[in-house]
Amino acid sequence: RALPTSAGALRQRLRQCAERIPEAEAVLDLLEKCPEHQKKGSFPVIVFEGLDATGKTTVTQAVKDNLNGILLRSPPACISQWRTVFDDERTPIKRAFYAAGNYILASEIAKASTQAPVIIDRYWHSTAAYAIATETSGEVQDLPPAQDEVYQWPEDLLKPDLVLLLTVDPEERVRRLQHRGLEKTKEEAELEANSLFRQRVEESYRRMVNPACQEVDASPSKEEVLKTVLQLIKKHCAF
Ligand SMILES: Nc1ncnc2c1ncn2[C@@H]1O[C@H](COP(=O)(O)OP(=O)(O)O)[C@@H](O)[C@H]1O
Ligand SMILES: Nc1ccn([C@H]2C[C@H](O)[C@@H](COP(=O)(O)OP(=O)(O)O)O2)c(=O)n1
């Protein structure tokens with residue numbers, strides 16, 4: 001399968017292409033500096049997932065301000081300048097890059113969660129959901145069955161305390177995309193053109209387990225969504 005699900009597997013894949021792609025060597029160097037099996041600090045780690053334009057950037061910023069937290073994202077800033085290089089590569093190499101981003105992010109999370117609540121814009125669930133949706137075609141019924149191991153969290157990757165999946169109804173999502181007009185990744189362009197792909201990504205998010213995502217209807221106003229999210233955090237994360 002295209003998605004490597006351990007640090008060892010993704011390192012091996014990056015090593016195989018490092019001679020041809022110098023950026024892969026650079027990612028490997030950064031990975032090397034991250035100790036394996038990172039442990040969380042005592043502050044909660046809260047992840048926001050969802051399709052493009054569901055409001056992740058908006059709500060993560062607001063939650064960060066509200067909780068005096070630290071905001072992180074996957075892929076992390078230290079490798080995001082190489083994103084365009086890997087987005088143009090074959091699927092297995094591209095997936096290894098995003099997977100590596102999550103492992104590098106884990107060491108940032110470990111450190112930050114000793115200091116303050118950590119809010120994260122995309123993490124493993126995004127890497128998995130986009131990979132699964134890209135490898136299948138057609139309807140959500142054609143996805144791997146619900147109990148398949150592709151929906152499992154990697155054993156050696158730091159787990160968050162809470163994962164909130166933001167969903168908006170399709171009409172509202174198109175409205176938000178149109179209002180924004182930022183440059184989109186190739187995959188996001190396809191996503192817009194192909195609503196079946198969008199459905200497969202969202203259904204894959206819903207099937208993820210250990211930890212599973214908790215779905216939040218992000219169609220209401222920014223204030224309403226923030227209120228709902230803060231209540232969920234209060235309920236699930238004692239701090
Ligand atoms: N609850 C909301 N109601 C209406 N518009 C919103 C809401 N949340 C975000 N938006 C707008 O929708 C667009 C996409 O939001 P953004 O936070 O960038 O999403 P993402 O990070 O998930 O791609 C932005 O123009 C943003 O201002
Ligand atoms: N942790 C992550 C984050 C993004 N990806 C991939 C999946 C998609 O191809 C894109 C989506 O990223 P994009 O830049 O559109 O995300 P935003 O909505 O701007 O936050 O990146 C990933 O595989 N793993």
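One-based numbering, in listed order, for ligands and for the atoms of each.
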Classify the contact between L51 and ligand 1 as side chain, backbone, both or neither, using a heavy-atom distance cut-off of under 4.0 Å. backbone
For T58, the ligand 1 atoms whose distance to one of its heavy atoms is below 4.0 Å: 9 (C), 15 (O), 16 (P), 17 (O), 26 (C)
Taking only heavy atoms of R83, which atoms of ligand 2 are found under 4.0 Å from at least one of them? 10 (C), 11 (C), 12 (O), 13 (P), 14 (O), 21 (O)
Distance from K111 atom NZ to I70 atom CD1, nearest 0.5 Å? 9.0 Å
Which option out of Y123, F86, Y98 puts a heavy atom nearest to atom 6 (C) of ligand 2? Y98
Distance only, no hydrogens: is a donor on one side chain within 3.5 Å (strictly under) of an acceptor on the other, for N102 and T127? yes
Note, I120 side chain near P160 side chain (heavy atom, < 4.5 Å): no
Determine whether V216 and L67 fall in the same hydrophobic cluster, where Ile, Leu, Val, Met, Phe, Trp and Tyr are linked whenever their side-chain heavy atoms lie under 4.5 Å apart. yes
With sequence neighbours left out, which residue pairs that include part of residues 224-234 fulfil the salt bridge (Lys or Arg N to Asp or Glu O under 4.0 Å) condition? none
Are any of the side-chain nitrogens in E25 or R20 under 4.0 Å away from the carboxylate oxygens of its partner? no
Does G55 reach ligand 1 with a nitrogen or oxygen that is under 3.5 Å from one of the ligand's nitrogen or oxygen atoms? yes
Decide whether an N or O pair under 3.5 Å exists between S74 and ligand 2. yes
Below the 3.5 angstrom mark, is there an N/O of T127, backbone or side chain, next to an N/O of ligand 2? yes
Residue portion contacting ligand 2 (non-hydrogen atoms closer than 4.0 Å) for N102: side chain
Sub-4.0 Å atoms of ligand 2 with respect to non-hydrogen atoms of K56: 18 (O)
Sequence neighbours left out, what pairs pass salt bridge (Lys or Arg N to Asp or Glu O under 4.0 Å) with at least one residue falling in residues 203-219? E202-R206, E203-R206, E203-R207, R206-E215
Any side-chain donor paired with an acceptor under 3.5 Å for Y103 and R11? no
Candidate list T58, L164, L162, test side-chain contact (heavy atoms from CB on, under 4.5 Å), partner F48, passing option: L164
Would D121 count as a polar contact of ligand 1, with the cut-off being nitrogen or oxygen pairs under 3.5 Å? no
Atoms in ligand 1 flagged as close to S221, the criterion being non-hydrogen separation under 4.0 Å: 1 (N)
Under 4.0 Å from a heavy atom of P220: give me the atoms of ligand 1 that qualify, with their elements. 1 (N), 2 (C), 3 (N)
Ligand 2 to D52, heavy atom cutoff 4.0 Å, flagged ligand atoms 17 (P), 18 (O), 19 (O)
For the 3.5 Å polar cut-off, considering only N or O atoms, please tell me whether E172 and ligand 1 meet it. no
Identified side-chain contact (heavy atoms from CB on, under 4.5 Å) partner of Y123 from the options L72, L158, V45: L158
Any atoms of ligand 1 less than 4.0 Å from a non-hydrogen atom of T57? List them with their elements. 17 (O), 18 (O), 20 (P), 21 (O)
Of all the heavy atoms in G50, does at least one lie under 4.0 Å from an atom in ligand 1? no
If you measure only the distance, is there a donor-acceptor pair under 3.5 Å linking the side chains of S126 and Y205? yes
Under 3.5 Å: N/O of V225 near N/O of ligand 1: no
